[in-house]
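As the structure lists them, so they are numbered: ligands from 1, and atoms in each ligand from 1. Worth knowing before you read on, the calculation uses all heavy atoms, side chains too, and leaves out hydrogens, waters and symmetry mates.
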Amino acid sequence: MFKEYFQYKGISFPRLIYSEQGLREVENEFQVRDDDVFNVTYQKSGTVWMLEILSLIHSNGDPSRCRTVPNWDRGPWYETILGLQTARSNQPPRLISSHLPIQLFAKSFFQSKAKVLYTVRNPKDVFVSLYHFAQIFRPYKEPGQLDQFLEQFLEGDVPFGSWFDHVKGWMGLRGHENFFWISYEELQQDLRGSVERICRFLGKQLDARALDGVVENASFQAMKQNKMSNFSLAPRFLLDQTHSSFLRKGIAGDWKNQLTTAQSENFDRVYREQMQGLDLSFPWDET
Ligand code: A3P
């Protein structure tokens with residue numbers, strides 16, 4: 001069962017923490033509430049960062065809850081077997097995380113007023129982050145050589161499927177009033193300004209002190225030191241952080257240190273093919 005994947009509607013999921021039954025329930029039966037807030041990403045795009053920001057906005061910058069409750073209980077990944085139970089039992093207003101592509105998301109969301117915040121990241125950095133993560137996250141298959149894993153990533157032959165499909169799918173909701181998107185790179189460049197934008201979307205007003213609290217406690221350093229946010233409480237059989245960390249480098253542009261020129265050019269070619277004709281521009285388009 002370790003490192004075994006199953007397919008659900010053409011997308012791979014690791015059997016250790018997901019099940020067909022759970023995914024069917026999420027898609028068809030999960031009751032989304034109008035006051036739910038969803039933290040949606042393609043994996044390795046800044047999910048736990050946004051989770052921390054949203055937790056802190058909710059508590060007006062007070063870090064007490066972030067320091068006492070593990071992030072997976074504050075904003076459970078509702079497509080996992082355990083996360084679904086937590087999401088169901090959490091008190092409203094609920095914060096729920098998800099890596100699901102839009103076509104597998106809870107159908108009831110589309111009839112609700114619930115909000116989705118979608119965080120995107122330069123896919124080259126997503127790839128590099130995933131390459132390291134796959135070496136420490138036990139439910140995932142060993143990624144092997146970087147070159148070979150890159151081919152799989154570009155073909156969407158990894159858990160949660162293709163980055164391109166995920167982003168194109170979710171970004172189709174642009175313009176809907178309950179959909180907000182932001183990039184990892186914007187969070188990096190201007191965390192305070194990003195938090196202000198997120199607050200406007202959520203209809204939440206924070207004073208300057210509360211904003212300071214969010215920005216300080218959602219920093220990479222603060223999160224790395226917080227055992228409720230750095231996954232040091234995760235069982236070893238799921239995550240082994242001996243050789244690399246979940247909160248690994250926390251920078252934009254690490255791909256430049258990890259990909260060869262040929263790998264980067266190959267990536268660019270597939271990116272152009274996949275994203276051509278879309279009226280979408282991202283911070284990394286200029287780099
Ligand atoms: P790296 O592996 O590049 O360091 P996810 O939560 O979607 O799995 O994404 C994990 C990535 O987000 C990791 O990237 C992690 O270090 C980064 N990250 C998490 N919290 C962060 C923060 N506060 N500031 C910057 N990067 C952060």
Side-chain angles (χ1 to χ4, degrees), residues 14 17 38-57 61 63 66-67 70-72 74-80 83 95-101 116-140 143 146 149 153 158-160 163 166-167 170 181-195 198 213-232 234 238-241 243-259 283-284:
I17 51 172
F38 286 93
N39 167 32
V40 181
T41 59
Y42 186 85
Q43 57 184 333
K44 311 322 289 175
S45 300
T47 327
V48 300
W49 193 5
M50 183 55 79
L51 199 165
E52 206 76 354
I53 291 168
L54 294 172
S55 303
L56 287 159
I57 290 175
C66 284
R67 291 183 187 162
N71 56 6
W72 59 76
R74 285 185 263 127
W77 280 251
Y78 80 147
E79 61 266 22
T80 62
L95 169 60
I96 299 173
S97 302
S98 180
H99 295 318
L100 286 177
V116 163
L117 294 102
Y118 187 61
T119 310
V120 286
R121 184 182 190 186
N122 185 336
K124 289 181 181 169
D125 283 333
V126 169
F127 166 73
V128 167
S129 183
L130 181 62
Y131 181 65
H132 289 92
F133 180 66
Q135 297 171 45
I136 64 170
F137 189 50
R138 294 288 180 74
Y140 279 13
L146 189 139
F149 191 60
F153 181 83
V158 290
F160 302 103
W163 179 91
H166 203 281
V167 170
W170 278 105
W181 74 277
I182 194 162
S183 65
Y184 178 96
E185 291 73 15
E186 288 169 286
L187 295 175
Q188 281 278 1
Q189 257 187 5
D190 179 12
L191 184 54
R192 198 185 176 90
S194 301
V195 172
I198 295 166
V214 178
V215 172
E216 270 165 38
N217 292 291
S219 74
F220 187 69
Q221 286 318 322
M223 285 179 59
K224 236 180 139 56
Q225 280 159 21
N226 180 358
K227 63 180 188 300
M228 300 296 160
S229 310
N230 64 14
F231 290 93
S232 56
L238 282 182
L239 188 70
D240 180 358
Q241 300 198 72
H243 299 299
S244 181
S245 307
F246 189 105
L247 296 171
R248 193 182 57 95
K249 283 199 179 170
I251 57 168
D254 192 34
W255 66 268
K256 291 176 189 156
N257 306 315
Q258 312 254 349
L259 300 188
W284 56 83

How far apart are the closest heavy atoms of [X] and [Y], and which atoms are they?
| X | Y | answer |
| --- | --- | --- |
| V126 | S45 | CG2-OG, 3.6 Å |
| G61 | N217 | O-ND2, 3.9 Å |
| S183 | W284 | CB-CZ3, 4.4 Å |
| L51 | L95 | O-CD2, 3.9 Å |
| W255 | V128 | CA-CG2, 3.8 Å |
| V214 | I57 | CG2-N, 4.0 Å |

Quiz prompt | Donor-acceptor pair, side chain of Q241 and main chain of L247, under 3.5 angstrom | solution =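 Flag not set: sc Q241 to bb L247 has no pair under 3.5 Å.
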
Can you tell which part of [X] has a heavy atom less than 4.0 Å from ligand 1: side chain, backbone, both or neither?
| X | value |
| --- | --- |
| S129 | both |
| R121 | side chain |
| E52 | neither |
| F133 | neither |

Self-check item: Aromatic ring pairing Y118/H166, orientation class (parallel under 30°, perpendicular over 60°, tilted between)
Solution: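 It falls in the parallel class, under 30°.
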
Taking 4.0 angstrom as the limit and counting only heavy atoms of [X], give me the atoms of ligand 1 inside it, by number and element.
| X | answer |
| --- | --- |
| A218 | 23 (N) |
| F246 | 6 (O), 8 (O), 13 (C), 15 (C), 16 (O) |
| Q188 | 25 (C) |
| K44 | 5 (P), 7 (O), 8 (O), 9 (O), 10 (C) |
| G46 | 5 (P), 6 (O), 7 (O), 9 (O) |
| T47 | 5 (P), 6 (O), 7 (O) |
| S219 | 23 (N) |

What do you reckon, does [X] have a nitrogen or oxygen under 3.5 Å from a nitrogen or oxygen of ligand 1?
| X | result |
| --- | --- |
| T41 | no |
| Y184 | yes |
| Q43 | no |
| R248 | yes |
| W49 | yes |
| V48 | yes |
| L247 | no |

Quiz item: Does even one non-hydrogen atom of M223 get within less than 4.0 Å of ligand 1?
Solution: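 Yes; M223 lies near enough to ligand 1 that a heavy-atom distance drops under 4.0 Å.
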
Quiz item: Taking everything shown except Q189 itself, do over 12 heavy atoms lie less than 6.0 Å from its CD?
Solution: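 It does not: Q189 CD has 12 such atoms or fewer within range.
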
Quiz prompt | F127 six-ring centre to K44 NZ/CZ under 6.0 Å and within 45° of normal | solution =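 So K44 doesn't make the cation-pi contact.
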
Quiz item: Would you call T47 and W77 a side-chain contact if the rule is heavy atoms closer than 4.5 Å?
Solution: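 Counting from C-beta outward, T47 and W77 do come under 4.5 Å.
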
Self-check item: M50 side chain reached by I198 side chain, heavy atoms, under 4.5 Å
Solution: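 Answer yes - side chains close enough.
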
